[in-house]
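Contents: one structure, followed by commentary.
Just so we're on the same page: letters track the sequence lines, and every chain starts at 1.
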Amino acid sequence: MTAALARSWRGWLFPVAVLAAAELWFAFNPILSDTLAPPSKIARDGLAMLFDGSLLKATGQTLVSAAAGLLIGMVAGTAAGFAIGLIRTAERTAAWVVELLRPIPSVALIPLALLTFGYGYRMEYSVVSWATFWPFLILTHNALRQIDVRLIEVSRLMGFGPLKRIWKIMLPAAAPRLFTALRLSVGLALVVAVTVEIAANPQGLGLGLMRSQEELQPGRMLAYLIWLGVLGWAINYFLLLFEIRLFAHRTPHGGSTAP
Amino acid sequence: MIRSRTLDIVLGVAGILILLGLWHLVTSYELISRVFLPGPAATFRSLERGIVEGALLPQTWATIERMLQGWLLASVVAIAIGSLIGVSSTARAYLQPTLEFLRPLPASAIIPVAIAVVGLSWKMVLFVVVFGSVWPTLLATVHGFAHVEPRLVEVSRLLQMSRLAFIFKIGLPNAVPDILAGMRLSLTVALILAVVGELLTGELGLGTAVLHASRQYRADDLYAGIILLGVIGLVSNYGLALADKRILAWKG
C-alpha cells in the first residue's frame, strides 16, 4: 500500500514539475503567447470549452466516427479471421493478398475517402474501418490457431456440427484474445479518427485542434491535446480493467493478456 | 499429393488473381462508378506511366527520404534517452507513468502544436515524424533495459561497472530484440506521419500527389499513388524483418 503510494507519488512529480516550470517560465517571458500557453491558461480555456459544450460536441463527433469505423472493422475483420482460421485453403489463398494489402498506410486512403464520400462521418469511419480491419483479422486468426486441439477433438466426439462447434467451443475459447484485439483496436480507432480530422475532415477533436491553432488560441489547442491524452488513456484503462474482470479466471497465464 | 510449399505458392498467386479478377469485374460492370474505382488496367497503366516515365519517382523518393530521415533521427534519440531512463530504476519510477500517459496520444495530434511553433514547412513535417516515431522505440528500449537478466545485473555490480559501461556492455545488447521490434513499429508510424505531413503542407511527396489526384478526379493516379505507398510499407517492413533475422541470429 505505502509502496504503491510512493510509486504513484514519484510518477506524479515529473509532470507536476514540468507544469510548474512552464507556468513560471511564462510568468517571466510572456512573448510566446500566440503559439504556446501557460498551464493556468490551458486549464481556464479547457474549462470554458467544457462548459460551453464545444468540447463535448467535438468529442462526440470523434467518438461516433471512431466507434462506427471500429464496428465495421471488427465485424468484417473477425468474420474474415474466422474464415481463414477455420478453412485451410482460404488461409493459403488469402495469405499473399493480406501481405500485400495490410502495409497500405490508412492515411493514404484519406484522399480516396474524400473523393468517394466528401467531408463528413462516412469518409472518416471508412478510413477507421480499414485501419481496424487488419488487427481483428490477424488476431482472430491467431486466436483460433491457439485453441487447444483437445477442445476441437472433444467437440468432434460429441458430434457437434460446424456451427455449434464455432459457437460453443471456438468463440468462447478465443474470447480473451478477441477482447485484447478489441482493446488494442479501440486505441487505434481513436488515433486514426483524430488523424483523419487533422488531415482533412472538418469535424471533431482534430478540427478543434487545428482551428485553435489557426485562430492563435494556444490555450484551447493545448487543452484539446491534453483532453485527447486523458480520453485515450481512460478508454484503455477501463477496457483493461474490464478485460481482467471478464477473463482473469480463465486465461492460463494469469490476468493480464497485455502484450 | 502436391507438396505443401508448392501449394502455398499456387494458392497465394491464385488469391491475388482472384482479387484482380474481382476488381476487374466490379469496374467493367460499373458496380462502383469509375470516378471512384478505376479498373486494374487503367491503374497499372498510370503506375507504369509514373514509374517508367518518371512522373511519380521524385515524389516517391521524397516520401521515402522523409520517412527514413525522421525514423533514423528518432531511433538515435529514442535509444539514447531510452537507455538513460532504462538504466536507472529511479528514473523509471519518476518517468514511466508520464511515458505511459503519452503513449496512447495520437502522434498526429502534435501537428497543430508543431505548426504553431515551427511553421507550416518541411521542418514541421520532419519534426512530427521524429516526434511520433520516437515513442515505440523509446518505450521498447526502456522495457528492454528493465528486463535484463537479474544475474547479469549482479555480475555488473560485482565487476563494479560504471553506468556507461553497463549500458554498452550489458543493457544495450540485451535490449536489442526489444529495440528492433520498437524500430519496426516506429518505421510504420514514420511513413504514416510523413504522408499526413505532406497532405497538410503540400510538400513534394506521394501524399501530396495522391491528394492532388483526388482533387482533380484522376482516380487512376490516385490508386497508383496508394499502391506505391503500400509498396513502400511492404518493402520497409520486409527489409527490417530480414535485418532482424540477421542481427538476432546469434540468439538462436
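- The nearest pair of heavy atoms linking A109(B) to L228(A) is CB-CD2, 3.6 Å.
- Nearest heavy atom pair, residue P97(B) against residue G11(A), reads CG-CA, 3.4 Å.
- When heavy atoms are compared at a cutoff of 4.5 Å, L205(A) does not approach chain B at all.
- Proximity to chain B (any heavy atom under 4.5 Å) is shown, for A94(A), by neither the backbone nor the side chain.
- For the options L206(B), N237(B), I192(B), T90(B), heavy-atom pairs under 4.5 Å to chain A are most numerous at I192(B).
- Between chain B and the options G232(A), A108(A), G206(A), S212(A), heavy-atom pairs under 4.5 Å are most frequent for A108(A).
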Under 3.5 Å donor-acceptor pairs involving side-chain atoms of residues 111-132 of chain B, not counting sequence neighbours:
unit_1  : atom_1 : unit_2  : atom_2 : d
S121(B) : OG     : K123(B) : N      : 3.2

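- Minimum heavy-atom separation, G233(B) to P103(A): C-CB, 3.7 Å.
- Taking chain B as the reference chain and counting heavy-atom pairs below 4.5 Å, the highest number among V196(A), L101(A), I235(A), V230(A) is found for V230(A).
- Summarising the geometry, atom OG1 belonging to T116(A) is positioned 8.5 Å from atom CG belonging to L37(B); distances are rounded to the nearest 0.5 Å.
- The heavy-atom pair separating E99(A) from Y238(B) by the smallest distance is OE1-OH, 3.4 Å.
- Between chain A and the residues T98(B), I32(B), L19(B), V231(B), the most heavy-atom pairs under 4.5 angstrom are made by T98(B).
- Screening I9(B), V10(B), L11(B) against R92(A) for a side chain to side chain contact (heavy atoms under 4.5 Å, CB included) leaves a single residue, L11(B).
- Closest heavy-atom contact between L199(B) and P111(A): CD2-CG, 3.9 Å.
- We find the CG-CG distance between L211(B) and L112(A) to be 12.0 Å, quoted to the nearest 0.5 Å.
- Taking all atoms of both residues into account, the shortest heavy-atom contact from G230(B) to P105(A) is N-CD, 4.2 Å.
- Put simply, of I18(B), L191(B), L222(B), I227(B), the one with the most heavy-atom pairs under 4.5 Å next to chain A is L222(B).
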Run I110(A) and V210(B) through side-chain contact (heavy atoms from CB on, under 4.5 Å) and show every step you take. CA-CA 9 Å; I110(A) 293 175; V210(B) 170; over 6 Å; no
For D8(B) and W96(A), run side-chain contact (heavy atoms from CB on, under 4.5 Å): C-alpha distance rounded to whole Å, both residues' side-chain angles, the deciding distance at 0.1 Å, then the answer. CA-CA 9 Å; D8(B) 277 350; W96(A) 288 16; over 6 Å; no
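- Summarising the geometry, atom CZ belonging to F101(B) is positioned 7.5 Å from atom CD1 belonging to I226(A); distances are rounded to the nearest 0.5 Å.
- To the nearest 0.5 Å, atom CG of residue L17(B) and atom OG1 of residue T93(A) are 11.0 Å apart.
- Comparing V195(B), I226(B), V235(B) by heavy-atom pairs within less than 4.5 Å of chain A, the highest count is held by I226(B).
- A distance of 7.5 Å separates CG of L7(B) from OG1 of T89(A), quoted to the nearest 0.5 Å.
- Using a 4.5 Å cut-off between heavy atoms, M210(A) contacts chain B through both its backbone and its side chain.
- Using a 4.5 Å cut-off between heavy atoms, L13(A) contacts chain B through its side chain alone, with no backbone atom that close.
- Atom CZ of R102(A) is surrounded by 12 or fewer heavy atoms from other residues, nucleotides or ligands within 6.0 Å.
- Interface remark: of the candidates S214(B), S33(B), G225(B), S214(B) forms the most heavy-atom pairs closer than 4.5 Å to chain A.
- Within the 4.5 angstrom heavy-atom criterion, no atom of L188(A) approaches chain B.
- For the atom pair CG (L234(B)) and CD1 (I104(A)), the distance works out to 9.5 Å, reported to the nearest 0.5 Å.
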